[in-house]
Amino acid sequence: MLGRPLAIRDFPELETRKSLGRVLLIGGIHGDEFSAVSIAFKWMEILDQHHSGIFHWRFIPVSNPDGLLAEKSMRQNENGVDLNRNFPSQDWNELALAYWQEKTDSNSRRYPGPSAGSEPEVDWLVQQIKDFQPDVIISVHAPYHLVDYDGPPEAPQKLGDLHLKKLGVYSGSLGNYAGVDLDMPVVTIELPYAGILPSAGEISMMWTDLVAWLVEERSKTVTPNTNED
């Protein structure tokens, strides 16, 4: 590995109100999905101006910096591993390598690695999930133009012009590891294009719909309190 840092940015709970929960947003697991990185920064700009404390947000905008910053940006990390097939899901040992060989014809872009959780980026993300204990995980990808979902409770039906279409889970995917094995809600946002950002209006609408869904779902289990006079 090349020693590039993996950065996080927190927008924490405020003293004046109890938050509805912790939300972890991950961008750039695939280094050639530029829009998935850029939109994370756009949404951080919104929170810079409008963070109300209703959630404790943690952003990891670039989770595969070596893939992103390679001479030719690539899906995999420096070791040639698809990080979204390397999470230590319970079925990894049984299915991951067999699926890669038989279903993808050993496609190098989808190589799951030599063993579950073998990659330092995945090991670090797994530790972030353990330490932060998010109530919801948002993972941003491209270019399938839809919303995917794993885990409880009810999925968002739409975010902007992206509509729900469940794709199922793959051995070693974040949705399998966190959504199925850990029973954490995982919303996978698939933007329309890897190299083109949605319009400013669409970015704002996706954010508005995402927050509205989070508030609706989290309000079912948490009652916020304020300390204001």
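Since the model is a prediction, treat every value here as computed from it, not as a measurement.
Taking CG of Leu47 as the start and NZ of Lys42 as the end, the distance is 14.5 Å to the nearest 0.5 Å. Taking CG of Leu191 as the reference point, atom NE2 of His145 lies at 9.0 Å (rounded to 0.5 Å). How far CG of Leu68 is from CZ of Arg75: 14.5 Å, rounded to the nearest 0.5 Å. A distance of 4.5 Å separates CG in Leu125 from CZ in Phe87, rounded to the nearest 0.5 Å. Note that CD of Glu102 is 10.5 Å distant from CG of Leu97, once rounded to the nearest 0.5 Å. Atoms CG and CZ, on Asp105 and Arg110 in that order, are 12.5 Å from each other to the nearest 0.5 Å.
Of the possible polar contacts, one joining the Glu190 side chain to the Ala142 backbone as a donor-acceptor pair under 3.5 Å is found. Side chain of Asp135 to backbone of Arg22: a donor-acceptor contact under 3.5 angstrom is found. At least one donor-acceptor pair closer than 3.5 Å links the side chain of Trp100 to the backbone N or O of Asn107. In terms of modelled atom types and a separation under 3.5 Å, the side chain of Glu13 and the main chain of Lys18 share no donor-acceptor contact. The backbone N or O of Ser115 sits less than 3.5 Å from a side-chain atom of Ser118, completing a donor-acceptor pair. Between the side chain of Ser219 and the main chain of Val215, a donor-acceptor pair closer than 3.5 Å is present.
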Discussion item. If you apply the rule side-chain hydrogen bond (donor to acceptor under 3.5 Å, both in side chains), what do you find for Gln76 with Asp82, and how did you get there?
Written reply: CA-CA 5 Å; Gln76 312 95 300; Asp82 180 348; over 6 Å; no
Fill in: Test salt bridge (charged side-chain N to carboxylate O under 4.0 Å, His left out) applied to Arg9 and Asp48, step by step
CA-CA 11 Å; Arg9 171 78 187 278; Asp48 276 331; 2.6 Å; yes
Practice prompt. Could you walk me through whether Tyr177 and Val126 pass side chain to side chain contact (heavy atoms under 4.5 Å, CB included), step by step?
Written response: CA-CA 9 Å; Tyr177 169 70; Val126 166; 3.3 Å; yes
Worksheet item: Hey, mind stepping through Thr188 and Asp150 against side-chain hydrogen bond (donor to acceptor under 3.5 Å, both in side chains) and telling me if it holds?
Response: CA-CA 8 Å; Thr188 301; Asp150 301 292; 4.8 Å; no
Fill in: Derivation and outcome, side-chain hydrogen bond (donor to acceptor under 3.5 Å, both in side chains), residues His141 and Asp148
CA-CA 10 Å; His141 287 266; Asp148 192 11; over 6 Å; no
Practice prompt. Go through the steps for Val187 and Ile137 under the test side chain to side chain contact (heavy atoms under 4.5 Å, CB included), then give the verdict.
Written response: CA-CA 6 Å; Val187 179; Ile137 297 174; over 6 Å; no
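Of all heavy-atom pairs spanning Ser73 and Gly31, the tightest one is CB-O, 3.8 Å. Of all non-hydrogen atoms in Asn84 and His30, the two that sit nearest each other are CB-NE2, 3.6 Å. The two residues Ala7 and Pro61 come nearest to each other via the heavy atoms O-CD, 3.8 Å. For the residue pair Ser171 and Leu95, the shortest heavy atom distance occurs at OG-CB, 3.1 Å. For the residue pair Val147 and Pro156, the shortest heavy atom distance occurs at CG1-CG, 4.1 Å. Between Ile29 and Ser139, the shortest heavy-atom contact is CD1-OG, 4.0 Å.
Within the 4.5 Å cutoff, no side-chain heavy atoms of Pro153 are placed close to those of Lys220. The side-chain heavy atoms of Leu164 and Leu146, taken from C-beta on, include no pair separated by under 4.5 Å. Looking at heavy atoms from C-beta onward, Leu174 lies out of side-chain contact with Leu83 at the 4.5 angstrom threshold. Counting heavy atoms from C-beta outward, Val122 and Pro88 have side chains that approach closer than 4.5 Å. For the pair Ser19/Ile54, no side-chain contact is recorded, criterion being any heavy-atom separation below 4.5 Å from C-beta on.
Within 6.0 Å of CE on Met205 lie no more than 12 heavy atoms contributed by other residues, nucleotides or ligands. Within a 6.0 Å radius of CD in Gln133, more than 12 heavy atoms belonging to other residues, nucleotides or ligands are found. Shown here is Tyr170, whose OH atom has no more than 12 heavy atoms of other residues, nucleotides or ligands within 6.0 Å.
The side-chain hydrogen bond (donor to acceptor under 3.5 Å, both in side chains) test applied to Arg58 returns Asp10, Gln128, not counting sequence neighbours. By the side-chain hydrogen bond (donor to acceptor under 3.5 Å, both in side chains) test, Asp131 is found to be paired with Gln127, residues two or more places apart in sequence or in another chain being considered. By the side-chain hydrogen bond (donor to acceptor under 3.5 Å, both in side chains) test, Asn64 is found to be paired with no residue, residues two or more places apart in sequence or in another chain being considered. The ring pair (Phe, Tyr, Trp, His ring centres under 6.0 Å) search around Phe11 returns His51, Phe59, not counting sequence neighbours. Remark: Pro152 engages Asp183 in a side-chain contact (heavy atoms from CB on, under 4.5 Å) (not counting sequence neighbours). By the salt bridge (charged side-chain N to carboxylate O under 4.0 Å, His left out) test, Lys158 pairs with Asp209, sequence neighbours left out. Annotation: side-chain contact (heavy atoms from CB on, under 4.5 Å) contacts of Tyr193 (sequence neighbours excluded): Ile196. By the side-chain contact (heavy atoms from CB on, under 4.5 Å) test, Thr208 pairs with Ser204, sequence neighbours left out. Applying the ring pair (Phe, Tyr, Trp, His ring centres under 6.0 Å) criterion to Trp43, with sequence neighbours excluded, gives Trp207. Remark: Ser89 engages Asp91 in a side-chain hydrogen bond (donor to acceptor under 3.5 Å, both in side chains) (not counting sequence neighbours).
There is no path of hydrophobic side-chain contacts, each under 4.5 Å, that joins Val136 to Ile129. No continuous path of hydrophobic side-chain contacts links Ile60 to Val81 [ILVMFWY only; heavy atoms under 4.5 Å]. A continuous path of ILVMFWY side-chain contacts below 4.5 Å connects Ile46 to Leu214, so both sit in one hydrophobic cluster. Cluster annotation: Val169 is not connected to Tyr99 through the hydrophobic network of ILVMFWY side chains, with a link wherever side-chain heavy atoms come within less than 4.5 Å. The hydrophobic cluster containing Ile138 also contains Val37, counting ILVMFWY residues as joined when their side-chain heavy atoms lie under 4.5 angstrom apart, directly or transitively.
Under the salt bridge (Lys or Arg N to Asp or Glu O under 4.0 Å) criterion, the residue pairs touching residues 23-33 are Asp32-Arg109, with sequence neighbours excluded. For residues 117-139, the set of pairs meeting the ring-ring contact (aromatic ring centres under 6.0 Å, His included) definition, not counting sequence neighbours, comprises His56-Phe132.
Figure legend: Arg218 and Phe55 shown without cation-pi pairing, the cationic atom not lying both under 6.0 angstrom from the six-membered ring centre and within 45 degrees of its axis.
Residues Asn77 and Glu121 have side chains that bring a donor and an acceptor to within less than 3.5 angstrom of each other.
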